[in-house]
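Only one structure is covered here, and it is reproduced in the block below.
Atoms considered below: every heavy atom in the structure, side chains included; atoms not considered: hydrogens, waters and symmetry mates.
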Amino acid sequence: MTTRVLTGITPSGTPHLGNYVGAIRPAIAASRAQEIESFFFLADLHSLIKSQEPERTQRSTLEIAASWLACGLDPDKVWFYRQSDIPETTELMWFLTVVAGKGILNRAHAYKAAVDKNREEQLDDDAGVTAGLFMYPVLMAADILIFNADKVPVGRDQIQHIEMARDFAQRFNHIYGKEYFTLPEVVIDEQVATLAGLDGRKMSKSYHNTIPLFAPREELKKLVFSIVTDSRAPGEPKDTEGSALFQMYQAFATAEQTAAFAAAFAAGIGWGEAKQQLFERIDGELAPLRERYNALMAEPEKIEAILRRRGQQLREQFAIPLLKELRHAVGLRDLSAAGDKPRAAAAAKAALPLFKQYREKDGRFYFKLLDGEGALLVQSQGFDSPRDAGQLIAALKQAGHGDALQGGQYTLEADVDTVLAALRQLREAD
């Protein structure tokens with residue numbers, strides 16, 4: 001089976017080496033797997049929350065698009081598009097908004113942080129807080145659910161948003177009586193590389209210690225030679241542990257090359273020579289990327305054409321058909337077709353049994369089967385991942401006799417015939 005993986009890219013200026021090593025390069029490599037269908041989108045609507053500078057938004061979007069394309073993202077093999085080119089996303093956001101609990105949004109990390117800061121400064125809780133910041137998780141959920149992504153790679157600070165997307169999807173599915181949305185799974189890469197900056201701290205624009213990814217060759221050399229090192233002279237052994245220079249070399253070298261560089265450190269290589277080797281190693285990888293980036297930036301109309309073409313294809317293949325189905329589901333229908341039968345069908349759907357997946361405080365994933373009145377029929381034990389729970393749900397749905405309900409990972413809270421009847425209802429509804 002093909003797994004859909006969706007990655008959001010915030011347009012925030014030209015990336016630096018840390019972005020390339022930690023995010024861009026591994027994401028592009030992962031997208032080449034045969035069993036993966038990759039979606040990469042430029043989150044330009046999200047960027048408006050932090051910046052209302054039109055020229056900056058336009059320029060940043062262009063630079064980030066050119067950066068990913070220059071680094072090898074193939075727009076004919078992955079879905080590469082601009083968020084704002086899929087207007088169905090914001091319509092879906094409203095459908096999710098009307099089922100999203102405000103209490104959940106109150107607990108969103110970014111909003112809570114803003115409120116806490118205001119309280120520290122003895123201001124009104126919502127001083128300076130826009131509705132855009134508050135509703136950010138709902139728009140992010142719409143980005144994910146409009147293409148029914150299976151997996152979403154994010155940093156740990158974004159896990160909460162994926163859990164919210166799952167919650168909104170479950171609520172919608174339950175209210176309208178059908179599994180319209182796949183429940184996305186979070187992907188945390190524990191091996192994500194973080195690169196030290198010029199001063200030894202993590203490379204970050206906020207520290208002003210970055211090396212721009214596409215800096216011209218001479219500027220790149222100057223920046224590499226400005227990396228902070230200690231005072232040990234040539235001939236004195238040098239430590240690789242904690243060395244920003246060594247770590248940066250390792251990020252661009254093979255295991256054999258890294259071992260040779262470590263041996264040179266032990267033998268007392270001079271810092272100037274070490275920096276020269278690092279510069280040549282980095283420039284060797286980035287020179288062709290820099291050339292492609294400059295060519296793309298010189299012809300922005302080509303980037304615009306790619307984004308518009310892929311956005312339109314996505315709309316026609318996925319977004320427009322889904323929103324047509326969802327409009328009908330919520331009752332935004334042709335009024336001439338109104339009558340008793342649609343109302344009766346809606347009532348029947350609302351009374352269907354429901355599988356509900358959720359996560360408990362122990363960090364494990366659970367599910368339960370409820371009948372149309374909300375009575376508990378089946379309760380699961382905990383699972384390590386939502387996929388494990390989902391696979392058992394899929395198997396349970398096919399159960400047609402009592403022997404198929406003998407699994408040890410759940411308990412029946414009603415008699416076998418009642419549970420089988422509920423499962424039969426779900427199959428017939430599908």
Side-chain angles (χ1 to χ4, degrees), residues 10 12-30 60 63-64 66-68 70-72 155-156 189-297:
T10 302
S12 58
T14 308
H16 52 68
L17 293 192
N19 302 139
Y20 173 70
V21 169
I24 299 174
R25 189 172 64 183
I28 292 175
S60 293
E63 290 179 351
I64 292 296
S67 297
W68 282 74
C71 290
R156 290 198 170 276
D189 187 352
E190 301 292 356
Q191 306 302 316
V192 168
T194 56
L195 210 58
L198 301 176
D199 58 2
R201 294 182 293 175
K202 176 184 175 181
M203 188 174 290
S204 170
K205 292 175 185 176
S206 60
Y207 293 153
H208 305 289
N209 66 351
T210 64
I211 298 178
L213 179 56
F214 301 113
R217 178 180 167 85
E218 288 308 311
E219 181 185 344
L220 174 63
K221 183 173 183 179
K222 182 178 178 181
L223 288 168
V224 168
F225 272 76
S226 71
I227 294 172
V228 173
T229 52
D230 61 35
S231 59
R232 277 176 280 192
E236 292 185 73
K238 296 169 179 63
D239 297 327
T240 58
E241 186 70 28
S243 169
L245 192 152
F246 182 82
Q247 183 201 43
M248 200 174 295
Y249 186 94
Q250 188 175 28
F252 287 87
T254 64
E256 293 77 12
Q257 291 165 341
T258 300
F261 201 52
F265 264 53
I269 187 173
W271 288 125
E273 184 181 349
K275 289 178 178 180
Q276 179 64 31
Q277 289 188 27
L278 171 61
F279 162 69
E280 291 172 357
R281 176 64 49 207
I282 295 174
D283 192 58
E285 181 168 333
L286 297 188
L289 277 58
R290 184 192 308 128
E291 184 177 351
R292 289 201 294 269
Y293 175 79
N294 290 333
L296 286 162
M297 289 297 292

Do Lys275 and Phe279 have side chains that approach each other closer than 4.5 Å (heavy atoms only, starting at C-beta)?
no

Just by modelled atom types, is the Thr254 backbone N or O under 3.5 Å from a matching donor or acceptor in the Gln257 side chain?
yes

When rounded to the nearest 0.5 angstrom, what distance separates CZ in Arg232 from CD1 in Ile269?
13.5 Å

So, using side chain to side chain donor-acceptor pair (under 3.5 Å) as the criterion, who are the partners of Ser206 when residues are at least two apart?
Ser204

Val21 to Pro26 - nearest heavy-atom pair and separation
O-CD, 3.4 Å

Got a sec, which pairs hit side-chain hydrogen bond (donor to acceptor under 3.5 Å, both in side chains) with one end in residues 214-229, sequence neighbours left out?
Arg217-Asp283

Locate the shortest heavy-atom distance separating Met248 from Leu278; write the atom from each residue and the value.
C-CD1, 3.8 Å

Note, Leu17 side chain near Phe252 side chain (heavy atom, < 4.5 Å)
yes

Could you pull out all residues at least two apart from Arg281 that satisfy salt bridge (Lys or Arg N to Asp or Glu O under 4.0 Å)?
none

With no hydrogens and no angle check, is any side-chain donor or acceptor of Arg292 less than 3.5 Å from a backbone partner on Cys71?
no

Salt bridge (Lys or Arg N to Asp or Glu O under 4.0 Å) pairs, two or more places apart, involving residues 197-214:
Asp199-Arg201

Mind checking what makes side chain to side chain donor-acceptor pair (under 3.5 Å) contact with Arg25, not counting sequence neighbours?
Glu285

With sequence neighbours left out, write down each residue that passes ring-ring contact (aromatic ring centres under 6.0 Å, His included) with Tyr249, or none if nothing qualifies.
Phe261

Just do the side chain to side chain contact (heavy atoms under 4.5 Å, CB included) check on Tyr20 and Leu286 with the steps written out, would you?
CA-CA 10 Å; Tyr20 173 70; Leu286 297 188; 4.0 Å; yes

Atom CZ of Phe225 with >12 non-hydrogen neighbours under 6.0 angstrom:
yes

Closest non-hydrogen atom pair, Leu195 against Ala251
CD1-CB, 3.7 Å

Would you compute the distance between atom CD1 of Ile227 and atom CZ of Phe246 and round it to the nearest 0.5 angstrom?
13.5 Å

At what distance, to the nearest 0.5 angstrom, does CD of Gln247 lie from CD of Glu241?
10.0 Å

Between Ala196 and Ala244 the two heavy atoms that sit nearest each other are CB-CB, 3.6 Å

Side-chain contact, heavy-atom cut-off 4.5 Å: Leu220 with Arg290?
yes

With heavy-atom distances below 4.5 Å as the criterion, would you say the side chains of Asn19 and Thr210 are in contact?
no

Between Asp230 and Lys238, does any NZ, NE, NH1 or NH2 come within less than 4.0 Å of an OD or OE carboxylate oxygen?
no

Under 6.0 Å between the ring centres of Trp271 and Phe265?
yes

Glu63 (side chain) donor-acceptor with Thr14 (main chain) under 3.5 angstrom
yes

Minimum-distance pair of heavy atoms, taken over all atoms of Pro212 and Leu223
CD-CD1, 3.7 Å

